[in-house]
Amino acid sequence: MKGRSESQFRYFRREIEYTEGSLNKLKQSLTKVDDAASLNEIKIHLSKIKNIMRFFTKKLL
């Protein structure tokens with residue numbers, strides 16, 4: 001059981017790192033927003049991040 005918990009933790013940690021990377025990209029995008037197309041792209045990225053977080057929150061529960 002301990003090995004499974006450790007592997008789940010590592011998996012979750014990788015997902016956190018991926019999400020943090022996505023958030024950093026989003027922050028960079030926000031600094032460059034200058035038109036509606038950029039805003040739409042940011043909305044798409046935010047939606048993807050939300051879905052990823054929901055998925056992994058449910059997996060952990």
Side-chain angles (χ1 to χ4, degrees):
M1 187 62 86
K2 185 178 180 181
R4 181 176 174 181
S5 296
E6 289 175 10
S7 65
Q8 285 177 327
F9 176 78
R10 285 193 301 273
Y11 179 75
F12 184 64
R13 187 69 199 140
R14 284 191 301 270
E15 292 304 321
I16 289 172
E17 290 171 2
Y18 172 79
T19 302
E20 287 173 341
S22 296
L23 289 172
N24 286 333
K25 287 180 185 178
L26 177 61
K27 286 179 187 178
Q28 289 174 354
S29 295
L30 286 172
T31 62
K32 298 176 184 177
V33 171
D34 59 353
D35 61 15
S38 294
L39 283 173
N40 192 39
E41 189 174 330
I42 289 169
K43 287 178 185 178
I44 291 168
H45 288 292
L46 277 174
S47 177
K48 288 179 182 180
I49 291 169
K50 280 179 164 179
N51 290 336
I52 289 168
M53 294 306 290
R54 280 190 201 127
F55 175 77
F56 287 105
T57 300
K58 287 179 184 177
K59 278 192 103 167
L60 291 173
L61 300 176

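Since the model is a prediction, treat every value here as computed from it, not as a measurement.
- Shown here are the side chain to side chain contact (heavy atoms under 4.5 Å, CB included) partners of S22, two or more places apart in sequence or in another chain: Y18, I49.
- Between the CD atom in Q8 and the CZ atom in R10 there is a gap of 10.5 Å [rounded to 0.5 Å].
- Remark: L26 CG to E41 CD distance equals 10.0 Å, nearest 0.5 Å.
- For the atom pair F9 CZ and I16 CD1, the distance stands at 7.0 Å (nearest 0.5 Å).
- Taking R14 as the reference, nothing meets the salt bridge (Lys or Arg N to Asp or Glu O under 4.0 Å) condition, with sequence neighbours excluded.
- Side chains of N51 and K48 form no contact here, defined as non-hydrogen atoms less than 4.5 Å apart.
- With sequence neighbours excluded, no residue forms a salt bridge (Lys or Arg N to Asp or Glu O under 4.0 Å) with E20.
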